[in-house]
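Here is the structure we will look at.
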Amino acid sequence: MKLLHSGKVRDVYEDGEDLVLVASDRVSVYDVILPTPVPDKGAILTQLSLWWFQQLQDLVPNHVISEDVPDEWAGRAIRCRRLEIIPVECIARGYLAGLGLESYRATGEVSGIRLPAGLDEGSRLSAPVFTPSTKAAQGEHDEHMTRDDVVALIGPDTTDELERLTLAIYGRGADIARDRGVIVADTKLEFGRSPDGGLVLADEVLTPDSSRFWALDQWQPGRPQHAYDKQYVRDWSSTLTGWDRTAPGPAIPDEVVRETRARYVDIYERITGEKWS
């Protein structure tokens, strides 16, 4: 196989007409890869994505062909279709957190969408919103896009369909997770076009790398939430002095690695109802 691309978390290989997407145990925060892996992370992301692809297949086709991959990658890789990737990060937000919260506090808006005054960290929005961003190259940072920016890039019809699909996927995922005691605060999706021109869900979906998962029974606006996702590593990194969020990133202490893995396992088990082996 030929290595085509090595990203922050995934490596993409060419195998004939197919691609093989291999999820590593690498961790990135603020678009910087940290030098310490989290054991089982790549396998959890892959298996949780595969579970979600099954729950969403009536809403949108996905890029998965099979789990027929070399033994060394078993459990953490998928064989998938080649797509023309849409150069937009499709983000749905149902709650205010992260960069969305920062933008709201600075401007009262997120991706050009005016939100009501008086919202706080963790506030639930009256309805989920589509807040796209750029797809930055590795080492650079994604930037908020307005809907008009997306229209200028890919046209109004594709923008309409991306917004519809993003909010539909978020809605389905949020409903399923809530029944399991989990809030999906926001999620980031990637789409591509198949050779026939149809939109296809790609990459990963509703994982703790691409979403914010909060404990429903502990949710309280106005403070940080108990997170089953990468936020735990972000919170640790924010306590460091002397790191300016540029490469090279700092090593992760053993106790942070253990807790991060535990939270990834926890969300997998809560969502799927299956025990992580």
* Are the side chains of Ile44 and Val265 in touch, meaning some heavy atoms are under 4.5 Å apart? -> yes

- request: Classify the side-chain pair Asp149/Thr146 by whether it contains a donor and acceptor separated by less than 3.5 Å.
  value: yes

*Do Glu274 and Gln47 come within less than 4.5 Å of each other through their side chains, counting heavy atoms only?*
no

Note: with side-chain heavy atoms under 4.5 Å as the link, the other cluster members for Leu99 come out as none

Rounded to the nearest 0.5 angstrom, the CG-CD distance for Leu101 and Glu121 is 5.5 Å

Checklist entry - For the residue pair Trp276 and Tyr268, does the interplanar ring angle fall in the parallel (under 30°), tilted (30 to 60°) or perpendicular (over 60°) class? => result perpendicular

(message) For the backbone of Val205 and the side chain of Ser49, can you confirm whether one donor and one acceptor N or O come within less than 3.5 Å of each other?
(response) yes

- Can you hop from Val27 to Trp236 via hydrophobic side chains spaced under 4.5 Å? yes

Neighbour count above 12 (heavy atom, 6.0 Å) for Asp196 CG:
yes

Q. Just by modelled atom types, is the Arg223 backbone N or O under 3.5 Å from a matching donor or acceptor in the Gln225 side chain?
A. yes

> Does the Ser211 side chain pair with the main chain of Thr187, one donor and one acceptor, at a distance under 3.5 Å?
Replying inline: no

> Do any N or O atoms from the side chain of Arg270 and from the backbone of Gly181 form a donor-acceptor pair under 3.5 angstrom?
Replying inline: no

Practice item. Using a strict cut-off of less than 4.0 Å between a Lys/Arg side-chain nitrogen and an Asp/Glu carboxylate oxygen, indicate whether Asp120 and Arg105 qualify as a salt bridge. Key: yes

Is there a path of hydrophobic side-chain contacts, each under 4.5 Å between heavy atoms of I, L, V, M, F, W or Y residues, that connects Leu19 with Met1? no

- Query: Can you find a pair of side-chain heavy atoms, one from Phe213 and one from Val184, that are under 4.5 Å apart?
  - Reply: yes

Between Ser103 (side chain) and Gly100 (backbone), is there a donor-acceptor pair under 3.5 Å?
-> no

Please assess Thr272 against Leu48 for the test side chain to side chain contact (heavy atoms under 4.5 Å, CB included), listing each intermediate value before the final yes or no. CA-CA 8 Å; Thr272 67; Leu48 186 55; 3.8 Å; yes

- Query: Between the main-chain N or O of Asp157 and the side-chain N or O of Glu161, is there a donor-acceptor pair closer than 3.5 Å?
  - Reply: no

*Taking the side chain as C-beta and beyond, is there a heavy-atom pair between Ile252 and Pro37 under 4.5 Å?*
no

task: Treating Ile, Leu, Val, Met, Phe, Trp and Tyr as nodes and any side-chain heavy-atom pair under 4.5 angstrom as an edge, say whether Tyr170 and Leu199 lie in one connected cluster.
output: yes

**OP:** Compute whether any side-chain donor of one residue and acceptor of the other, for Thr158 and Arg193, lie under 3.5 angstrom apart.
**Re:** yes

To the nearest 0.5 Å, atom CD of Gln55 lies from atom CG of Leu206 at 10.5 Å

Before giving the answer on salt bridge (charged side-chain N to carboxylate O under 4.0 Å, His left out), spell out for Arg261 and Asp25 the whole-Å C-alpha distance, their side-chain angles and the decisive distance to 0.1 Å.
CA-CA 10 Å; Arg261 181 187 181 278; Asp25 292 338; over 6 Å; no

Under a 3.5 Å distance rule, please check whether Arg76 uses its side chain to pair with a backbone N or O of Gly42 as donor and acceptor.
no

Item checked: Cluster check Val32, Val256: I/L/V/M/F/W/Y, side chain < 4.5 angstrom -> yes

Notebook entry, point to check: Do the side-chain N and O atoms of Thr207 and Asp209 include a donor-acceptor pair separated by under 3.5 angstrom?
Noted result: no

Notebook entry, point to check: Hey, is the main chain of Ser66 close enough, under 3.5 Å, to the side chain of Arg79 for a donor-acceptor pair?
Noted result: no

Test side chain to side chain contact (heavy atoms under 4.5 Å, CB included) on Ser28 and Leu34 and set out the steps.
CA-CA 6 Å; Ser28 70; Leu34 304 184; over 6 Å; no

Exercise. Would you indicate whether Glu17, at its atom CD, is surrounded by more than 12 heavy atoms from other residues, nucleotides or ligands within a distance under 6.0 Å?
Key: no

Result for salt bridge (charged side-chain N to carboxylate O under 4.0 Å, His left out) between Asp31 and one of Lys135, Arg234, Arg245, Lys8 points to Lys8

Scanning both residues in full, the closest heavy-atom pair of Thr36 with Ala251 reads OG1-CA, 3.4 Å

| said: Within a 6.0 Å radius of atom CD on Glu84, are there more than 12 heavy atoms belonging to other residues, nucleotides or ligands? | reply: no

- Item | Pairwise side-chain contact, Ile154 with Leu162, heavy-atom cut-off 4.5 Å (strictly under) | yes

Practice prompt. Check whether any side-chain heavy atom of Phe130 sits under 4.5 Å from a side-chain heavy atom of Cys90, and report yes or no.
Written response: yes

Q | Beyond-backbone contact of Phe53 with His63, side-chain heavy atoms, under 4.5 angstrom | A | yes

Would you call Asp229 and Arg212 a salt bridge, using N to O less than 4.0 angstrom? no

_Between Lys188 and Asp203, does any NZ, NE, NH1 or NH2 come within less than 4.0 Å of an OD or OE carboxylate oxygen?_
no

- [ ] Determine, step by step, whether Ile169 and Phe191 satisfy the side chain to side chain contact (heavy atoms under 4.5 Å, CB included) criterion, reporting the C-alpha distance in whole Å, the side-chain angles of both residues, the deciding distance to 0.1 Å, and the verdict.
- [x] CA-CA 12 Å; Ile169 291 166; Phe191 294 89; 3.8 Å; yes

Please tell me if the side chains of Val150 and Glu163 come closer than 4.5 Å, counting only heavy atoms from C-beta onward. no

So NZ of Lys230 and CZ of Arg263: to nearest 0.5 Å the spacing works out to 15.0 Å

Is it true that Ile65 and Leu201 fall in one hydrophobic cluster, defined by side-chain heavy atoms closer than 4.5 Å?
no

Check: Does Leu21 offer a backbone N or O that forms a donor-acceptor pair with the side chain of Trp73 under 3.5 Å?
Finding: no

Review point. Is the Trp243 ring parallel, tilted or perpendicular to the Tyr30 ring (thresholds 30°, 60°)?
Key: tilted

Is a side-chain N or O of Gln57 found less than 3.5 angstrom from the main chain of Asn62, in a donor-acceptor match?
no

Check your understanding: Between Arg164 and Asp160, is a side chain to side chain contact (heavy atoms under 4.5 Å, CB included) present by the stated rule, with each step listed?
Key -> CA-CA 6 Å; Arg164 184 189 70 79; Asp160 288 346; over 6 Å; no

Side chain to side chain donor-acceptor pair (under 3.5 Å) test vs Thr131 passes for just one of Arg93, His144, Glu89, namely Arg93

